[in-house]
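Here is the structure we will look at, set down as structure tokens.
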Protein chains: 2
Amino acid sequence: MRTTRQRQVILEELRKVTSHPTADEVYEMVRKRLPHISLGTVYRNLELLSAAGEIQTLGLAGTQKRFDGNPANHYHARCLKCGRVIDLDLPVKALNGLEDAVAETSGFKVVGHRLKFLGLCPRCQKEEQKQDR
Amino acid sequence: MRTTRQRQVILEELRKVTSHPTADEVYEMVRKRLPHISLGTVYRNLELLSAAGEIQTLGLAGTQKRFDGNPANHYHARCLKCGRVIDLDLPVKALNGLEDAVAETSGFKVVGHRLKFLGLCPRCQKEEQKQDR
DNA sequence: ACAATAATAGTAATGATTACTATAAAGAAT
DNA sequence: ATTCTTTATAGTAATCATTACTATTATTGT
């Protein structure tokens, strides 16, 4: 994988934020620095960077994928209403033990795991209350 | 939500299998019993059944969503190579305690969680070995 | 049985993602 | 540093899963 300006900037911008942007949101972020970059380049690099373990692809919900500049294992909470995804600060250790158990019982060669919590974010909880009145 | 023949059959067929089919796979399954059903009906009902808690929608990976006829909380393993998803028989209890912790630290009103393991299924492990020779 | 209304089949439209191709840039070899 | 080989890019077209639309049909409460 060669080091191109486009790839560098995509990775830099993604590492700057914790907002788990979609591909077109990354495109907008990057376009401020590289106005001529094409959307296809963004998609291709997000895929390559993900395959290389530099970022994470979140196959969460909705129609669009989201991308996470933090490749380390960490967990997420997704709001069922607005789709927003936030990072959680939970110890990963507890789950690592389970990987071995899964490998044994399933025959899978386990390379990692993903854990997410679903619910309503604080903002959307307030919206719900308004509607109840 | 009315009880229509189409909705019944979709739910029945989905409950029969543990293969986590995609929408078009469900369509093919159901079409054997209801040859005139339309794909749009399948999509709409999968969404409604999921919203009603009768089935689960798995926003795993790849381009297509997968559906699980088992609405109870249970965990999955997905093969990174062939995309196959299998059910795991793991105790859910260990994770339930974490939901409260997440709610406290994040402010989310947590309603559930999803845990999946990633790796290579037994079949694809064999394929890898063939290629190594 | 009738009326009100939700659901369906069939089709068209949408929208995220991928594929294609000529040109440009990166890294290796000279 | 210059040339060469190959990968990556921009711009555009194509794909494909999903959603929206509409006239007709089926369900359910009265």
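Computation of the quantities below employed the complete heavy-atom set of this structure, encompassing side-chain atoms and omitting hydrogens, waters and symmetry-equivalent molecules. Numbered from 1 within each chain, the chains take letters A, B, ... in sequence-line order. As the structure is a prediction and not an experimental result, all values here were calculated from the model.
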| Does any pair with a residue in residues 88-130 of chain A pass ring-ring contact (aromatic ring centres under 6.0 Å, His included), and if so which ones, sequence neighbours excluded? | A:Y75-A:H113, A:H113-B:F117, A:F117-B:H113
| note | Sorted by chain and residue number, the side chain to side chain donor-acceptor pair (under 3.5 Å) partners of B:T57 (sequence neighbours excluded) come out as B:S50
| said: Suppose we screen for side-chain contact (heavy atoms from CB on, under 4.5 Å). Which residues come up paired with A:L39, at least two apart in sequence or across chains? | reply: A:Y27, A:Y43
| request: For A:R84, check salt bridge (Lys or Arg N to Asp or Glu O under 4.0 Å) against everything at least two apart and list the hits. | output: none
| query | Who pairs with A:E12 by salt bridge (Lys or Arg N to Asp or Glu O under 4.0 Å), at least two apart in sequence or on another chain? | reply | A:R33
| request: Could you pull out all residues at least two apart from A:L34 that satisfy side-chain contact (heavy atoms from CB on, under 4.5 Å)? | output: A:R5, A:Q6, A:V9, A:V30, A:I37
| Where do B:D89 and B:H74 land on the side chain to side chain donor-acceptor pair (under 3.5 Å) test, with the steps shown first? | CA-CA 7 Å; B:D89 188 23; B:H74 63 283; over 6 Å; no
| Results of side-chain contact (heavy atoms from CB on, under 4.5 Å) for A:E25 - residues two or more places apart only | A:P21, A:T22, A:R66
| For DNA chain C, what residues of residues 35-50 of chain B have any heavy atom nearer than 4.0 Å? | B:H36, B:I37, B:S38, B:T41, B:R44, B:N45
| query | What is the per-nucleotide protein-contact pattern of nucleotides 25-30 of chain C, from the 5' end, where B denotes a base atom under 4.0 Å from a protein heavy atom, S denotes such proximity for sugar-phosphate atoms only, and - denotes neither? | reply | BBS---
| Quantified as the angle between the terminal helix axes (five pairs each), what is the overall bend of the helix from C:dA1-D:dT30 to C:dT30-D:dA1 to 10 degrees? | 50°
| query | Can you pull the contact range of chain A along DNA chain D, 5' to 3', using atoms under 4.0 angstrom from its heavy atoms? | reply | D:dT6 to D:dG11
| query | Taking the hydrophobic residues Ile, Leu, Val, Met, Phe, Trp and Tyr, and joining any pair whose side-chain heavy atoms are under 4.5 Å apart, which ones share a cluster with B:M29? | reply | B:V17
